[in-house]
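Worksheet for the structure shown next.
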Amino acid sequence: MSVLVIGGDKISTIISILHELGASSVKHWDARKKSSAPKKKIPQNTDCIIMLTSFLNHNVMHKYKNIAKKQNIPYICTKHSSTCVHDEYKKMIDANNCENCDKICEAKK
């Protein structure tokens, strides 16, 4: 799974956690400069977007949430805490795991 993390400065712990949970690649946009993140396009192979809310303004977060919805990419909005990222990412993985799900959906047909 390819993950894009938007926000935060030093996220080495978060990257390690994501790799432990099965992320094959993690890209990071710090979004520190107003001119950087809002103008970037989400890479084609992105499977999940994690937005660190402590480091993003509402406009940037709103923009990428809308893009994620249009492109059907799961996204997580969480604090810049390795524990919060771990818990939210794990929830997202479990929710998308067909092996643990007994619902009938398009993926199981």
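For clarity, every value in this text was computed on a predicted model and none was experimentally measured. In what follows, residues are counted from 1 in the order of the sequence shown.
- Considering NZ of K69 and CG of N72, their distance stands at 12.0 Å, rounded to 0.5 Å.
- For the pair T13/H86, no side-chain contact is recorded, criterion being any heavy-atom separation below 4.5 Å from C-beta on.
- Annotation: ring-ring contact (aromatic ring centres under 6.0 Å, His included) contacts involving residues 1-26, sequence neighbours excluded, are absent.
- Expressed to the nearest 0.5 Å, how far CD1 of I76 lies from SG of C48 amounts to 4.0 Å.
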Side chain to side chain contact (heavy atoms under 4.5 Å, CB included) between I73 and L4, intermediate numbers included
CA-CA 11 Å; I73 300 171; L4 172 62; over 6 Å; no
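- Between the side chain of H80 and the backbone N or O of V85 there is no donor-acceptor pair closer than 3.5 Å.
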Side chain to side chain contact (heavy atoms under 4.5 Å, CB included) evaluation trace for D9 with I11
CA-CA 6 Å; D9 290 328; I11 66 160; over 6 Å; no
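- In this structure, the separation between CD1 on I50 and CE on M92 is 7.0 Å, given to the nearest 0.5 Å.
- For the residue pair M1 and Y89, the shortest heavy atom distance occurs at SD-OH, 3.1 Å.
- A side-chain donor-acceptor contact under 3.5 Å links S2 and S25.
- Here the closest non-hydrogen pair linking P74 and D47 is CD-O, 3.2 Å.
- Contact detail for N59 and N57: the closest heavy-atom pair is N-OD1, 3.0 Å.
- In terms of heavy atoms, Y64 sits closest to M51 at CB-SD, 4.1 Å.
- Counting only distance, with no hydrogens or angles, the side chain of T46 and the backbone of I42 share no donor-acceptor pair below 3.5 Å.
- Rounding to the nearest 0.5 Å gives a distance of 4.5 Å between NZ of K65 and SG of C77.
- Checked by atom type and distance alone, the side chain of T78 never pairs as donor or acceptor with a backbone atom of L52 at under 3.5 Å.
- The distance from atom CD1 of I49 to atom CD1 of I67, rounded to the nearest 0.5 Å, is 7.5 Å.
- Heavy-atom minimum distance, I93 versus L21: CD1-O, 3.6 Å.
- Pairs of residues two or more places apart, or lying in two chains, that qualify as salt bridge (Lys or Arg N to Asp or Glu O under 4.0 Å) and include a residue from residues 79-88 are E88-K91.
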- Item | Verdict with supporting geometry, K27 and N45, side chain to side chain contact (heavy atoms under 4.5 Å, CB included) | CA-CA 11 Å; K27 294 183 181 169; N45 62 344; 3.9 Å; yes
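- In this structure, OG on S82 lies 4.0 Å from CD1 on I17, to the nearest 0.5 angstrom.
- Under a 3.5 Å cut-off, the side chain of H28 and the backbone N or O of K10 do not form any donor-acceptor pair.
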